[in-house]
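Notes follow the structure.
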Amino acid sequence: MDIRELLVSNSASELDESSPVSAPDLHLLKDRLHVRSLQIKDRVHKYVKSHYQDFSSIIFRASDGASKVENISDNLNVVLQLLDKPSTDDGKGLHLPIDIDVDLCQLATQAKALNKCLNEKKEALALVQTISQFVQRLQNAQQNMTVEQGRLVESAQALNLLRFALRVPENWKDGEIGVSWEPKAFTLLQSQWVSCFSKLQDLLEYMFDSAIEVHNANSKLQINLHISCEKLPASLGGVELSSVLTAMDIAGILDGAFARLADSLIKSVIIPVTHTSAIHIVSEESVKNKPVLSWALLSDIQSEGVAPGALYPKLLQVLKFVYRNICFENGSWMNLFGRLTWPRLSEAVITNCLAKVSC
């Protein structure tokens, strides 16, 4: 602000800066300065009032910052006082080595070592938890074999999943389990899996052989659709044959069972039927929940060889019986049984039927 602007008696150009100001001009200058001061105060007041929230926030943050600075200052003073003191004993046998010469590098090394130890313990704990889960799953799979009715399928599914989780090798039957780089605990788990799987395999094969009986002396194939055997608790009341076959399929042992069955049927039924037309086959599928396929040699009929027209219906009757009562109309199971039966079946038909017809 230019004071000369407040003097109206003389213009700014006529005012001589070297000459003194007259008394009237001084009074006029004083009054106008007072008025200008009031105007400035009024404008400042209005501005502060219109921006009250902003100024209040600024003042609050400044006060809070000052308070924090004071707290930091107090804490630093406490630390400096402690650093100035020698090592002391707190009276409980704990030594407080507080010294200004503390080696920060040594403290950093110790902190790094402790952090590494903590990470190793976390990894070890995770490994223990994983092993514990595997043990529990193996125990559940083994328990399902004997305790809960109809849990053979679940047991086979659990063991099938555990086989991949535990990385059980394909040649586990040869006794080659575990590798050098794996933890010993995993080798033990793999051995436990093999033991559990072997028990399930023995149980399923025993039940399969108990359910499907070929009586050569009586010329009869009998199917027990509901199995009850001595290896199962009496409280269970038995297990369905379809569940046994499903469990065997999941476990990958159904082909072995079907191979034994195919061998028995070929020797007992197929080959005799292809040798003579005197074999009469009867299929009874509603005998006390035990379907029966029987065959008998009619002694009053003499025949050399079998005509294809008489042979094929009998073979179809046998295969349909197997399809309905053993494979339960499951296409994949019947395909498996067919692959195991076809080589010897076709050979018997060609040798004993088609070859003689062509001659």
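For F164, the side chain to side chain contact (heavy atoms under 4.5 Å, CB included) criterion is met by N160, not counting sequence neighbours. Listed by chain and residue number, E205, F208, D209, A257 satisfy the side chain to side chain contact (heavy atoms under 4.5 Å, CB included) test with R260 (two or more places apart in sequence, or in another chain). Residues satisfying the side chain to side chain contact (heavy atoms under 4.5 Å, CB included) criterion with S346, sequence neighbours excluded, are W342. With sequence neighbours left out, Q136 forms a side chain to side chain donor-acceptor pair (under 3.5 Å) with N140. For S195, the side chain to side chain contact (heavy atoms under 4.5 Å, CB included) test picks out K199, with sequence neighbours left out.
Ring to ring, F197 and W193 are close: their centroids are under 6.0 angstrom apart.
Using modelled atom types and a 3.5 Å distance limit, the side chains of Q222 and H215 yield no donor-acceptor pair.
Within the 4.5 Å cutoff, no side-chain heavy atoms of I270 are placed close to those of V349.
Heavy atoms from other residues, nucleotides or ligands lying under 6.0 Å from CD of Q139 number more than 12.
Applying the side-chain hydrogen bond (donor to acceptor under 3.5 Å, both in side chains) test to every pair with at least one member in residues 46-56, sequence neighbours left out, gives these pairs: D42-K46.
When atom types are taken as modelled, the side chain of D249 and the backbone of L245 share no donor-acceptor pair closer than 3.5 angstrom. Proximity of a side-chain donor or acceptor of N224 to a complementary backbone N or O of S210 within less than 3.5 Å is detected.
Taking each heavy atom of L319 and M334 in turn, the nearest pair found is O-CE, 3.7 Å.
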